[in-house]
Q: 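Input: one structure, supplied below.
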Protein chains: 2
Amino acid sequence: MAYAVLMSRVLPPFTEPQEPQEPVATPVLLEIGTGQDEPGLRADAARNRARLLDAAARLVAEHGAAGVTMEAVAAAAQVGKGTVFRRFGDRTGLLTALLDHSEKKFQAAFLSGEPPMGPGASPVERLRAFGCAALRRAADDLELQLAAEPCPDRRYVVPPRRVRHAHVVMLLRQAVPDADGELLAHTLMGYLDPPLIHHLTKQCRMPMERLQAGWYDLVARVTRTTGE
Amino acid sequence: MAYAVLMSRVLPPFTEPQEPQEPVATPVLLEIGTGQDEPGLRADAARNRARLLDAAARLVAEHGAAGVTMEAVAAAAQVGKGTVFRRFGDRTGLLTALLDHSEKKFQAAFLSGEPPMGPGASPVERLRAFGCAALRRAADDLELQLAAEPCPDRRYVVPPRRVRHAHVVMLLRQAVPDADGELLAHTLMGYLDPPLIHHLTKQCRMPMERLQAGWYDLVARVTRTTGE
DNA sequence: AAATTAAGCGGACCCCGGTCCGTTTCATTA
DNA sequence: TAATGAAACGGACCGGGGTCCGCTTAATTT
């Protein structure tokens, strides 16, 4: 499939899913993100990219995420359909690009922002804060996050997820050095997955407070600390 | 969408996703399953159903799950395409039906089988055994399980998942009565999700032993017990 | 056995994601 | 500024999921 090739242009330096994925050192992380403005793009390409994102955002606002059809976006941006795919790879890529700006801010917050999320606080405090922020982030434009969900076998390979995962692994290594941080991190991240948040808040009508309390409790159990 | 209507025929007595989902008592659970033989089906319908499942299984064997096209199945079963959709609702439904038999056996094992999975063992022991079995089950025909993965907003609503979830909730209620069993159960189940198993074992080449050890550790932490 | 009717049937049809490839446009080099 | 090659473009095209609706058939009733 040409998908990988296209994505390698969209998401520049990114290892293939195959290799065993050594734990990534923190400073490298910042380079993994999607890259909103996409440097090194020909003038017309850059312009079309902007028009496409603009059109897509308009469509979301007007008809919800379901209204974001590749053809519709192309038409609204006065651009050929092929162009949309060339630029974003596939529908998920487009939707992800739409979320990229806020995702970047989120990443900045936990990678290098103020405590308690950023460096300076204790690992457990940072984990707690991270979860709250992630819950909040998932709750805002849940619809888009849901629509941007990649197909099952890409889910764990997508850059934003890897960044978050690596970060949680790092915190867990500090908080519980003797545990299998990789696996525990997956468990914790599972709690924060948009589809689950959606199920609990929308389909089961759970209040966010309960989810947050659940997160605190989970962190406490996993790190074998007390709640306070 | 007519989907829900169709499914209500395929999965007879099943509450809508909307209501807050009260904890289901154990004896009821057995009725939730998909129902392989589908009683109350007209003779021709039952015959076609069987032919379709047969054809689908053949296609999986020959061309992998990706080869299971609704049209292909219909053709192989000498049946109209509409018939496939009438019977199984959608592709996911068909694939799920294909897994139904083994899923039923799995359910029987943890609901009423021998200890340590079935009743008789302690809740923590049952949890540990449950996870191992689930891991094993996910590892066998991973491909089919992956292909049968429902779209994100159905994921937590699908009968097999609800059965497992309810069961884990029950065990957690016994093991850690003061915790939020609903939420903890989701966390534990997340660890056992086929896409994650696939990612870890296939894309990251992790050995199953590590996953299993991870499960034991997770159960221990969540229930605040020691490993042994 | 004939009549009735609800369930089932099938395939034409629509929509949408994704691909392909001949044409156009930008940037670079001469 | 003309030539050249790579990158971008666009829309015809394809395949597959899902729907629709007029027709058929199995079960039931009289």
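Throughout, protein chains are lettered first and strands after them, A, B, ... in sequence-line order, and every chain is numbered starting at 1.
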Q: Expected output is a numbered-order residue list: members of residues 69-77 of chain A with a heavy atom under 4.0 Å from any atom of DNA chain C. What is it?
A: A/Thr69, A/Met70

Q: Is there any side chain to side chain donor-acceptor pair (under 3.5 Å) pair reaching into residues 50-62 of chain A, and which pairs are they, with sequence neighbours excluded?
A: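 Listed by first then second residue: A/Asp54-A/Arg58.
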
Q: Between the protein and nucleotides 23-25 of chain C, list the N/O to N/O atom pairs that are separated by less than 3.5 angstrom.
A:
unit_1	atom_1	unit_2	atom_2	d
C/dT25	O2	A/Arg42	NH1	3.2
C/dT25	O2	A/Arg42	NH2	3.1

Q: Let me test you: for the helix from C/dA1-D/dT30 to C/dA30-D/dT1, what is the angle between the axes at its two ends (five pairs each), rounded to 10 degrees?
A: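 Nearest ten degrees gives 10° for this helix.
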
Q: Could you work out, with side-chain contact (heavy atoms from CB on, under 4.5 Å) as the rule, every residue matching B/Pro194, not counting sequence neighbours?
A: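 For B/Pro194, the residues satisfying side-chain contact (heavy atoms from CB on, under 4.5 Å) (neighbours in sequence not counted) are B/Leu142, B/Gln145, B/Leu146.
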
Q: Evaluate side chain to side chain contact (heavy atoms under 4.5 Å, CB included) for A/Tyr156 paired with B/His198, printing each intermediate quantity in order.
A: CA-CA 10 Å; A/Tyr156 298 92; B/His198 171 253; over 6 Å; no

Q: With sequence neighbours left out, what residues match A/Arg42 under salt bridge (charged side-chain N to carboxylate O under 4.0 Å, His left out)?
A: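 With neighbours one apart ignored, the set is A/Asp44.
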
Q: Can you pull out every side chain to side chain donor-acceptor pair (under 3.5 Å) where at least one residue sits in residues 69-85 of chain B? Sequence neighbours excluded, please.
A: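 Matches after skipping sequence neighbours: B/Glu71-B/Lys81.
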
Q: Checking B/His199 side chain against B/Cys204 main chain: does a donor-acceptor pair fall under 3.5 Å?
A: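 No; judged by distance alone, with no hydrogens or angles, the pair does not exist.
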
Q: Could you work out, with salt bridge (charged side-chain N to carboxylate O under 4.0 Å, His left out) as the rule, every residue matching A/Arg47, not counting sequence neighbours?
A: none

Q: Going by the rule salt bridge (charged side-chain N to carboxylate O under 4.0 Å, His left out), which residues pair with B/Arg164 if we only count those two or more places apart in sequence or in a different chain?
A: B/Glu103

Q: Quick one: side-chain contact (heavy atoms from CB on, under 4.5 Å) partners of A/Arg210, sequence neighbours excluded?
A: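 With sequence neighbours excluded, A/Arg210 shows a side-chain contact (heavy atoms from CB on, under 4.5 Å) to A/Met206, A/Pro207, B/Asp180, B/Glu182, B/Leu183, given in chain and number order.
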
Q: By side-chain contact (heavy atoms from CB on, under 4.5 Å), which residues pair with B/Ala147, not counting sequence neighbours?
A: B/Ala65, B/Arg91, B/Leu95

Q: Looking at DNA chain D, which of residues 54-63 of chain A put a heavy atom within less than 4.0 Å of it?
A: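 Within residues 54-63 of chain A, no residue comes under 4.0 Å of DNA chain D.
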
